[in-house]
Number of protein chains: 2
Amino acid sequence: MRPVRLKDVARDLGVSLMTVSRALRNHPDIGEQTRARVLKRVEELNYQPDWMARGMVTGRSYLVGLVIPDLMHSFFAEIAMAVSAKLTPLGYQVVIANTEEQVLTEERHVSVLLGRKVDGLIIASAQRNARSPMFRSIAGCKVPLVLIDRFVKGAEASYAGSDDEGIGDLATTHLIEEGCRRVAHIKGPPLSTGRGRLQGFRLAMKRAGLPVDEQYVVPGDISDTAGYDAMRGLLKLPKPPDGVFCYSDPVAAGAMKAITEAGFSIPGDVAIVGAGNVHYSDLLRVPLSTVDQGCSRIGEGAADLLVRAMEHREMTPPELVLVGPRLIVRESSRRTS
Amino acid sequence: MRPVRLKDVARDLGVSLMTVSRALRNHPDIGEQTRARVLKRVEELNYQPDWMARGMVTGRSYLVGLVIPDLMHSFFAEIAMAVSAKLTPLGYQVVIANTEEQVLTEERHVSVLLGRKVDGLIIASAQRNARSPMFRSIAGCKVPLVLIDRFVKGAEASYAGSDDEGIGDLATTHLIEEGCRRVAHIKGPPLSTGRGRLQGFRLAMKRAGLPVDEQYVVPGDISDTAGYDAMRGLLKLPKPPDGVFCYSDPVAAGAMKAITEAGFSIPGDVAIVGAGNVHYSDLLRVPLSTVDQGCSRIGEGAADLLVRAMEHREMTPPELVLVGPRLIVRESSRRTS
DNA sequence: GCGGTTTCCGTTAACGTTAACAGCGTTCCG
DNA sequence: CGGAACGCTGTTAACGTTAACGGAAACCGC
């Protein structure tokens, strides 16, 4: 019992294969009753069009590649869900590729996706250079590209992400308003997100007229262990900070662990604000204040941008979607009541 | 600048298209120097084989469908990562489909995946009946199928999952050993996982000679809100339980929230054990004791089973992988010190 | 030097679908 | 009533790749 093909349905109905093909795709050339007859039989035989064959001749695969560093981060998982939810009803399917933040893995994945003739690509790239062979071959294949989360300057691509500078500003200003004077920042990776949040931090400090002690601006990363280590370093300083803006919620969670272990209180001794609003933030030991990035809106925005680019066969100019940050105050930073 | 095809490479080298095709696939008919020449030029031209065309003639897509209810649950996200990690090096690509626990969505996704001629399918199904049209059409297409997490009795499929009865037993026995006498259980969904854990709970209680008060066995679900609601109900009882085994960690997190809000202490008044060891469990207000299911081993096991079935073109008999549970004791259940 | 093997490489015909064009009755209009 | 216009259906040739077969050299043993 092989899968049913167009030919089978056609023979079964005594019509030509093209009639069936057209009826299925609502081609206007097909009479109303013929179409009805075909659709009925197709349903009965449980015919499924072969997307590979269809793709060969139309040049469209209805496949979209989503390349992200880490599915375990709820941030990317949420984006993935939002993208899928938007694209699936339009007939696209999403291939998710995990790069584990490795440039090489990313390149390999993209290369295979291009071989699969994906109709579009959404990438949260670990790369910082738009002149890399990866971006060149994407441009060469003329595959629409949308960058998310991390912006890559110079790439021929649309972008959907959060307003990172706004995030840093919002979080830092909040800490200052809560009375913190020695505000520290645990930095993220040296991508656009990390740099933007750092810049927002500096901006807020400057606006408040507070000096930025460079001792308080320490490298972290994306994981809770990085936050833990960075915080331990900060606590060893002669005058530990009384407020910390962390690059992300996992980093903040790690930092809070370090603070609690060292015997300090949150937010009494040190107030903490993270970013990302991961779904478990308010279940933590001390519910974590955070800046919501609107992940799902980023995902939806990226999907929209991509769809628009895919529908137009011709090159569309790059567009931008910046999702505004939203402060969520919980216990970890509430000092005034 | 269209993408490079075999024909282009062949013309460029002055050989036939088949020579290139064979050289690329290490066909023994190709001479050593010819192969080298071809490979070199292929690299230079950045040729990528067209998987659709290749798939048409070989009948293999090197696509694998992974159908799961919810990517946001770290359990499934971890499985997805483990599956990808195993399958990608073998040349497969994974299409992830989110069903949101909806049977209809699941069926639609599977139908499209079959149309894409996936080489294999891994499904954590929301369905309970192996006689549903979905399972029939999968069997009809002779696509190898591996079920994960939830077992569906009667389906022609391999299975990789956790030993749910063992999980329930382990967690409950632990609570009893910690001195709990009125042990409650917040149930999961009525799938194999929920039923298995319930059965393990009963088994452990019986072995300890404790009566199971049916008031203490309450319906929950998979989310933290369900756990919250269920726990509030339990606390209203004249004699609230002094230990609760929750179907999953999110449920447990919700339950702990309810307990804390009601002014009780954990584990003093009520001890809690969850299941799943989601990655934020030890960052919660009270670090959560849990039973680790070994998600990644489940994912790896599923991938292995699937690969074995896909390599053999003929039907292979269904196989089973049961990952043993592992108790992780944290603060939420540590009463004796 | 002649059958027979081996070693390489090319030719042809698929795979299932769709685009482009061709056909063939009807109807409509002058 | 001739021809154009229309409405529907069929025919042919692709799309890029591989399987199966075909064939020409080179090599070998006797």
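Throughout, a chain's letter reflects where its sequence line sits, starting with A, and its residues are numbered from 1.
With sequence neighbours excluded, the residues satisfying ring-ring contact (aromatic ring centres under 6.0 Å, His included) with Phe151(A) are Tyr159(A).
A heavy atom closer than 4.0 Å to some atom of DNA chain D occurs in Val15(A), Ser16(A), Met18(A), Thr19(A), Arg22(A), these being the qualifying members of residues 14-23 of chain A. Residues from residues 34-50 of chain B that place a heavy atom under 4.0 Å from any atom of DNA chain C, listed by number: Thr34(B).
Using a 4.5 Å heavy-atom cutoff, the side chains of Thr99(A) and Val67(A) are in contact. Residues Val118(B) and Val64(B) form no side-chain contact, since every pair of their non-hydrogen atoms from C-beta on lies 4.5 Å or further apart. No side-chain heavy atom of Ile96(A) sits less than 4.5 Å from a side-chain heavy atom of Val95(B). Counting heavy atoms from C-beta on, the side chains of Thr34(A) and Thr19(A) come closer than 4.5 Å.
Without hydrogens or angle criteria, Arg116(B) side chain to Val112(B) main chain gives no donor-acceptor distance under 3.5 Å.
Where DNA chain C meets chain B (any atom under 4.0 Å from a heavy atom), the bounding nucleotides read 5' to 3' are dC8(C) to dG16(C).
Within the helix from dG1(C)-dC30(D) to dG30(C)-dC1(D), the inter-axis angle between the opening and closing five-pair segments is 50°, rounded to 10°.
Comparing Asp29(B) and Val57(B) along DNA chain C, the residue whose closest nucleotide (by nearest heavy atom) sits nearer the 5' end is Asp29(B).
Scanning all heavy atoms of the two residues, the minimum distance from Met52(B) to Ser61(A) falls at CE-CB, 4.1 Å.
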Worked verdict on Val9(B) versus Leu17(B) for side-chain contact (heavy atoms from CB on, under 4.5 Å): CA-CA 8 Å; Val9(B) 183; Leu17(B) 157 166; over 6 Å; no
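Under the side-chain hydrogen bond (donor to acceptor under 3.5 Å, both in side chains) criterion, the residue pairs touching residues 68-92 of chain B are Arg60(B)-Tyr92(B), Asp70(B)-His73(B), Lys86(B)-Asp304(B), Tyr92(B)-Glu311(B), with sequence neighbours excluded.
If you check the side chains of Ser132(A) and Gln127(A), you find a donor sitting under 3.5 Å from an acceptor.
Surrounding CD of Glu101(A) are more than 12 heavy atoms belonging to other residues, nucleotides or ligands, all under 6.0 Å away.
Checking each of Glu106(B), Glu107(B), Arg150(B) against Ser125(B) for a side chain to side chain donor-acceptor pair (under 3.5 Å) leaves exactly one that passes, namely Glu106(B).
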